[in-house]
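The next block holds one structure in the form of structure tokens; read it before the comments.
The chains referred to below are lettered A, B, ... by the order of the sequence lines, with proteins before strands, and numbering in each begins at 1.
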Amino acid sequence: MTKIAYVREKGIPPSPPPLTEVGIIRWVRQNLFSSWFNGILTLFSLYFIILILADFIPWAWGGHWQTKSLRECLDLDPNVACFSVLTARWKQLLFGLYPAEEYWRPTLTFILLLLSIVPILVPKYLKFFWFSAIYPGLAIWLLWGGSFWSVAIVYIGLIFGFATYVILSSKFLKTTSMALSASIVLTVLFYLFFSSLLVRFLSFLLPINLPFVDSLQLGGFTLSIVVGVSGIVASFPIGILLALGRQSNLPVIKMICVGFIEFIRGVPLITLLFVASVLLNYFLPPGTNFDIVLRVVIMVTLFSAAYMAEVIRGGLAGLPLGQHEASASLGLTYWQSQRLVIMPQALKISIPGIVNTFIGLFKDTTLVSIISLRDPVGLASTIRADSKWNGIYWELYIAIGLMFFVFCFGMSQYSQYLERKLKTDN
Amino acid sequence: MSEDKNIIKSDKTKVAITDEVAIHISDMNKWFGNFHVLRDINLEVKRGERIVVCGPSGSGKSTLIRCINRLEEHQKGSIIVDGTELTTDLKNIDKIRSEVGMVFQHFNLFPHLTTLENCTLAPIWVRETPEKEASEIAMEMLEKVKIPEQAHKYPGQLSGGQQQRVAIARSLCMKPRIMLFDEVTSALDPEMIKEVLDTMIQLAEEGMTMICVTHEMGFARQVANRVIFMDEGQIVEQNEPEEFFNNPKSDRTKLFLSQILGH
């Protein structure tokens, strides 16, 4: 018989792990050569990487940058890249057919865009959010030009509406809903009857004008960013509302949301873009001039909003019912608990999916080349139509690909940073 | 409430509700689909009363207290909480919910907010308390449940017992007049049950009106004024704790007690 009674009298102090189990040796052993099969795969992969780079690096490194045409490149050395096309046409790739003397406008718009997203991305600068709020109007004015006041009037109208709401709700009308509807009616009246007068008056008083630029002159990365960023900004809130609507207890709202989401998801984006470019004109009253870029932005927005809704619905489904119950039991109203408790968590869960949709949307903007807008991909064909650059493919597409990569990789990195930052559990 | 007496028109009868009555439930029925989960519940809870509800699982005890703050809707009868009748009127529901605190089996803390923010959220948004004042109240309540040092941690960094005490503090920050406890110790490790029960005992000593669904019979003996035994959606027996445990009247109660106290 063995004795089962045992008492430990001295504790064992913790000791460091053996040397082969730490640092780089351990990493290589665990990740690259953990078994024979794995080791062979590692060596094979290295071999292929070296093979590809051995071709690519001399091709790219020795590339020509200063020739006048593709012919000249081929005469010099047909085995290296001909980046001269970029030297000659980089402005077009960035700005499309935008008038050359106005290049500063899209450039300034882009710099301001970077500034305006800082308050949204970095919570520390949230107090500059007002700039992000006025940015869209500013960007529209800078890019398309015309009178400053015809864009500013939108903001003036909003301020007017807000002011009437504050005055009405504090002075005259008791219930907030009545004050709200009254101020909305007044704002609509303002836009309908008073705004054009006011614009004329202000333009007379203080004319601030930029030369008008037509939408068809927008192109290159300027166009990609305009469509992509507007689509991203607009589709996010619409996606949230659709996701909430899909879970609503009100059957009509639920039906509309489900119908919309399923319809949009069932139709290819190209079809929607064709509808935007061709069919929409048949439905609109004759003579209406509905800007083509705006039409494309609306279609892209609706398209990605439907996907966004499904991504966010996934996040909502991931939340335990107890979160809804806890916030309800504390007396929070539906919208309060959505805003303060449910959405922050659901959105956090959905970050990878949301950013995935954003990146997809941004790259899908290249589809507008199909409806003859001049985004970078569309411009590649335009450039090749020039006899000097006829037959050039790789160099152009590598450059376009790189620029898209920079933006999409940036978004992906930010989303990973955000996920790490919002991680609150151990 | 300013008036001494409130007359509230219920379905059939007029019920006189004095300020002494915290909760008045009469002939309340509830169905989940075709399943009759609560049957003819009549219950009056006086202010300051501490009630323990027990019974086998599926007996409707959780559903009963969830009806009191309308997490579940009853279909027949009336529930009057703190002088306000629960109807479909959203205003009444929000008012009652802000007066009635509830603590859940799985804590249900908000994981994206710190302990302190969990506690200040509802006071700031529902009661419109200034943030500074709300933080002071929250710290006071966290001290009461003895974890002020965890105020700036996230729920995921706390132990189960600590989380449950934060959940109690979160409810207390709304200065509720009634507290509902729904099996608050059943998801906890044995070592942590005591710290949560101690907090509840302390609350009871301060005179809080409490309804606790629990299987902690020691707690029931020590704290309850009244023990209610439920089975199949009905109140089968209620009595003072000593009498209830030592001298149960109904056979079902005897069976239940022998099963949970049997070993």
Side-chain angles (χ1 to χ4, degrees), chain A residues 123 126-127 169-170 174-178 240 244 247-251 253 312 314-352 354 415 417-426, chain B residues 62 65-66 68-72 90-115 117-128 152-159 163 166-167 170-176 178-182 187:
Chain A
L126 199 63
K127 57 179 179 289
S169 62
S170 61
K174 288 257 161 54
T175 59
T176 48
S177 58
M178 261 176 61
I240 291 178
L244 288 178
Q247 299 206 320
S248 169
N249 294 327
L250 309 169
I253 290 182
I312 293 170
L316 286 171
L319 283 192
L321 192 61
Q323 293 291 313
H324 293 268
E325 289 179 349
S327 52
S329 78
L330 286 168
L332 295 169
T333 63
Y334 174 80
W335 288 109
Q336 280 175 338
S337 70
Q338 290 299 339
R339 187 159 54 92
L340 302 165
V341 176
I342 306 301
M343 270 306 151
Q345 296 182 63
L347 293 181
K348 185 180 130 189
I349 300 174
S350 334
I351 287 173
I354 291 172
S415 88
Y417 154 79
L418 203 60
E419 275 177 71
R420 279 195 304 273
K421 203 184 75 164
L422 295 179
K423 198 164 180 276
T424 55
D425 49 347
N426 288 1
Chain B
S62 280
I65 69 167
R66 287 160 62 87
I68 294 172
N69 67 352
R70 196 69 164 196
L71 287 183
E72 304 286 355
L90 282 176
K91 266 194 189 131
N92 280 354
I93 295 174
D94 284 337
K95 179 169 179 287
I96 286 172
R97 282 176 176 169
S98 66
E99 305 282 336
V100 178
M102 183 159 194
V103 186
F104 300 86
Q105 181 177 3
H106 296 290
F107 331 135
N108 297 350
L109 291 176
F110 306 135
H112 62 300
L113 300 176
T114 63
T115 300
E117 288 164 344
N118 262 283
C119 294
T120 56
L121 185 79
I124 289 175
W125 291 96
V126 180
R127 294 248 190 273
E128 291 173 6
H152 297 288
K153 284 195 185 165
Y154 287 96
Q157 299 166 315
L158 305 181
S159 75
Q163 289 195 43
V166 172
R170 177 175 71 177
S171 296
L172 291 178
C173 283
M174 289 294 282
K175 305 265 160 114
I178 300 161
M179 286 286 284
L180 308 173
F181 293 87
D182 189 2

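In this structure, the salt bridge (charged side-chain N to carboxylate O under 4.0 Å, His left out) partners of B:Arg66, at least two apart in sequence or on a different chain, are A:Glu325, B:Glu72. Partners of A:Tyr417 by ring-ring contact (aromatic ring centres under 6.0 Å, His included), not counting sequence neighbours, listed by chain and number: A:Tyr414.
At a 4.5 Å heavy-atom cutoff, A:Ser337 makes no contact with chain B through either its backbone or its side chain. Residue contact with chain A, scored on non-hydrogen atoms closer than 4.5 Å, is absent for B:Leu158. Interface remark: B:Asp94 contributes backbone and side-chain atoms alike to the contact with chain A (heavy atom separation under 4.5 Å). In this structure, chain A has no heavy atom under 4.5 Å from any part of B:Val103. For chain A, the nearby part of B:Phe104 is the side chain; its heavy atoms alone come within less than 4.5 Å.
Listed by first then second residue, pairs satisfying side-chain hydrogen bond (donor to acceptor under 3.5 Å, both in side chains) with a partner in residues 99-108 of chain B number zero, not counting sequence neighbours.
Side chain of B:Ser171 to backbone of B:Met102: a donor-acceptor contact under 3.5 angstrom is found. With A:Gln336 contributing its side chain and B:Trp125 its backbone, the two residues share a donor-acceptor pair below 3.5 Å. Panel note: side chain B:Asn118, backbone B:Phe110; a donor-acceptor pair is recorded below 3.5 Å.
Within 6.0 Å of NZ on B:Lys91 lie no more than 12 heavy atoms contributed by other residues, nucleotides or ligands.
Atom CG in A:Leu332 sits 9.5 Å away from atom CD1 in A:Ile342 (nearest 0.5 Å).
Heavy-atom neighbours of chain B within the stretch residues 314-323 of chain A, taken at a separation under 4.5 angstrom, comprise A:Gly322, A:Gln323.
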